[in-house]
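So the structure is just underneath, and the comments pick up after that.
Here the structure is a predicted model, which is why all the values come from computation and not from measurement. All heavy atoms count here, side chains included; hydrogens, waters and symmetry mates do not.
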Amino acid sequence: GAGATAVPGLVVDQSAAGFQHTATLGTAYAGGPILTNDGKVLARSVKIDKERYARRYPTRSEFAHAIGYSFTKLGRSGTEQFRNDPLTGRRTELIGAVDSLLGERGVGDSIRTTLDTKGQQAAIDGLRGRKGAVVALEPSSGKVLVMASTPSYNPNNLDQGDKFKE
């Protein structure tokens with residue numbers, strides 16, 4: 001549902017995204033998007049055929065370590081794993097079972113992180129291709145503003161076997 005989310009420092013807000021999924025086991029779903037604090041899309045679902053969706057990551061390697069990935073064959077990591085239930089519209093087992101029996105489709109939530117687009121890019125630029133990591137927190141709240149790591153990977157390529165290619 002809408003409102004604040006208790007993810008230590010990273011996820012601060014959720015709102016209905018209008019993405020739908022089916023509640024039946026084994027059926028593909030479209031998850032809600034994951035966004036930066038200024039609304040930049042970090043992950044979204046795209047329809048690949050009549051019944052299936054795939055996750056795509058428009059920022060490629062820039063936020064890969066913080067956002068993670070979600071693939072049927074490979075599983076999930078990062079924010080994709082930790083916030084899977086709200087992203088897919090799953091509420092509780094009872095509500096999911098009732099919705100499934102009624103043939104209703106759930107609505108996946110949009111996840112807005114505290115990650116800052118400009119700060120993330122500044123951290124990556126500052127690393128200058130060297131191995132390392134940068135994490136920046138807002139001291140007053142503990143919000144994670146930057147979570148950069150190099151080398152990185154392009155999560156769009158993971159399901160193609162090219163794990164660390166741009």
Which atom pair, heavy atoms only, marks the closest approach of [X] to [Y]?
{"X": "Pro151", "Y": "Lys131", "result": "CD-CG, 3.8 Å"}
{"X": "Gly68", "Y": "Tyr57", "result": "O-CE2, 3.8 Å"}
{"X": "Thr36", "Y": "Leu42", "result": "CG2-CD2, 3.5 Å"}
{"X": "Ser152", "Y": "Ala64", "result": "OG-CB, 3.6 Å"}
{"X": "Tyr69", "Y": "Pro155", "result": "CB-CB, 4.2 Å"}

Separation of [Y] [atom2] from [X] [atom1] (nearest 0.5 Å):
{"X": "Thr113", "Y": "Leu145", "atom1": "OG1", "atom2": "CG", "answer": "9.5 Å"}
{"X": "Arg76", "Y": "Phe82", "atom1": "CZ", "atom2": "CZ", "answer": "14.0 Å"}
{"X": "Leu158", "Y": "Ser70", "atom1": "CG", "atom2": "OG", "answer": "11.0 Å"}
{"X": "Arg83", "Y": "Ile111", "atom1": "CZ", "atom2": "CD1", "answer": "5.0 Å"}
{"X": "Leu35", "Y": "Leu115", "atom1": "CG", "atom2": "CG", "answer": "11.0 Å"}
{"X": "Ser110", "Y": "Arg44", "atom1": "OG", "atom2": "CZ", "answer": "13.5 Å"}

**OP:** Flag the pair Lys40 / Thr59 as yes when at least one side-chain heavy-atom distance between them is below 4.5 Å, and no otherwise.
**Re:** yes

Original post:
Would you say Thr150 and Arg130 make side-chain contact, with heavy atoms under 4.5 Å?
Top reply: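 Thr150 vs Arg130: side chains apart.
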
Subject >> Counterpart residues, salt bridge (charged side-chain N to carboxylate O under 4.0 Å, His left out), relative to Asp38 (two or more places apart) >> reply: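 Listed in chain order: nothing, the list is empty.
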
Side-chain donor-acceptor pairs under 3.5 Å in residues 118-129, sequence neighbours left out?
{"from": "Gln120", "atom 1": "OE1", "to": "Met147", "atom 2": "N", "distance (Å)": "3.0"}
{"from": "Gln120", "atom 1": "NE2", "to": "Glu62", "atom 2": "O", "distance (Å)": "2.8"}
{"from": "Gln120", "atom 1": "NE2", "to": "Met147", "atom 2": "O", "distance (Å)": "3.0"}
{"from": "Gln121", "atom 1": "NE2", "to": "Asp125", "atom 2": "OD1", "distance (Å)": "2.8"}

Original post:
Hey, any chance Val41 and Ile48 share a hydrophobic cluster, counting ILVMFWY side chains that come within less than 4.5 Å of each other, even indirectly?
Top reply: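 In one cluster: no.
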
Original post:
Between Val46, Leu87, Ile67, which is the residue that forms a side-chain contact (heavy atoms from CB on, under 4.5 Å) with Arg55?
Top reply: Leu87

